[in-house]
Amino acid sequence: MRKRVGVLISGRGSNLQALIEACKAPDYPAEIVLVLSNVPGAAGLSHAEAAYIQTLTINHKDFATREAFDAALDAALIQARVELLCNAGFMRLHTAGFVARWLNRHLNIHPSLLPAFTGLHTHKRVIEAGVTLSGCTVHIVRPEMDEGPIVAQAAIPVLPSDTAETLAARVLAAEHRLYPHALALVASGAVRIEGERVVRTTQEGDQSPLFSPPVSGAL
Ligand code: GRF
């Protein structure tokens, strides 16, 4: 059975689009049943509509508290019988109660090699710090922003000529391959969460030096 996935977005939705494309494969272990935006008119909603996926906007500004907003999200997800939740550029922090409700069934993607460079303006800070490798991480959501067990990472070299924009573009291309891969690992049961670590339940394949675990094809 494919896992029923809900995707939370706030904006552009290019990672959502990558997940939509991945779900078209007949053997992909997940299907997107609901795309939820906290921002009315978020560009990503049109990707879902084009793929005939149910969409819903729950504007956080309509709620007096974070708890009330998260309760509305939760109710919508339960009504759609969502089993796994993916944040894809969702720009709201969740309450501890919401995180507990979706514990170990909730993924996020962040454009750095976590635990380094949590938070906003990642690529600018990466360049300013002078690191030579950056990348992206899919992790299990915990109450602290951009923290939680790591499902998969991709490493991207930082070039001397890079600006925040050029680095962001190369990392984003990796994100689009990494997120579908990481969701498949979780949805298929190829990994399980043991405390604060994600462990493989199946045989390891070839290990590429830049994707861990590896994904097929070249960057
Ligand atoms: C991505 O870089 C993601 O890692 C971060 O927010 C951005 C969302 O982009 N959390 P998009 O909306 O998926 O295009």
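Predicted model only: the values in this text are computed from it and were never measured.
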Taking all non-hydrogen atoms of both residues into account, name the closest pair between V35 and A48 and its distance. CG2-CB, 3.7 Å
I'd like to know if the side chain of R2 reaches the main chain of C23, judged simply by a donor and an acceptor atom lying under 3.5 Å from each other, with no hydrogens or angles considered. yes
For the residue pair I53 and L34, what are the closest heavy atoms and their distance? CG2-N, 4.1 Å
Backbone N or O of R4 within a donor-acceptor pair of the E83 side chain at under 3.5 Å? yes
Measuring from atom CG of L107 to atom OH of Y179, what distance do you get when rounded to the nearest 0.5 angstrom? 5.0 Å
Any donor-acceptor N/O pair, T137 side chain to H139 backbone, under 3.5 Å: no
Kindly give the heavy-atom pair with the smallest separation between E175 and P111, and that separation in Å. OE2-CB, 3.4 Å
Please check if the side chain of S10 supplies one atom and the backbone of M91 the other of a donor-acceptor pair under 3.5 Å. yes
Determine yes or no for a side-chain-to-main-chain donor-acceptor pair under 3.5 angstrom, with H94 supplying the side chain and P143 the backbone. no
With a 4.5 Å cut-off on side-chain heavy-atom distances among I, L, V, M, F, W and Y, is there a chain of contacts connecting Y28 to V191? yes
Could you measure the distance from the CZ atom of F98 to the CD atom of E67? Nearest 0.5 Å is fine. 12.5 Å
Working to the nearest 0.5 Å, report the span between CD1 of I140 and CG of N104. 6.0 Å
Heavy-atom donor-acceptor pair, T201 side chain to R192 backbone, under 3.5 Å: no
Under 6.0 Å from the CD atom of Q79, do we count more than 12 heavy atoms belonging to anything else shown? no
Could you grab the distance from atom CG of L85 to atom CG of L183, nearest 0.5 Å is fine? 10.5 Å
Just by distance, do the side chain of R66 and the backbone of H60 share a donor-acceptor pair under 3.5 Å? no
Measure from the side-chain N and O atoms of S134 to the backbone N and O of S112, and report whether any donor-acceptor pair falls under 3.5 Å. no
To the closest 0.5 Å, what do you measure between NE2 (H123) and CZ (R170)? 10.5 Å
Check for a donor-acceptor pair, side chain of R125 on one end and backbone N or O of T118 on the other, with a separation under 3.5 Å. yes
Do the side chain of N108 and the main chain of V141 share a donor and acceptor less than 3.5 angstrom apart? no
With rounding to the nearest 0.5 Å, note down the distance linking CG in N87 to CG in L8. 5.0 Å
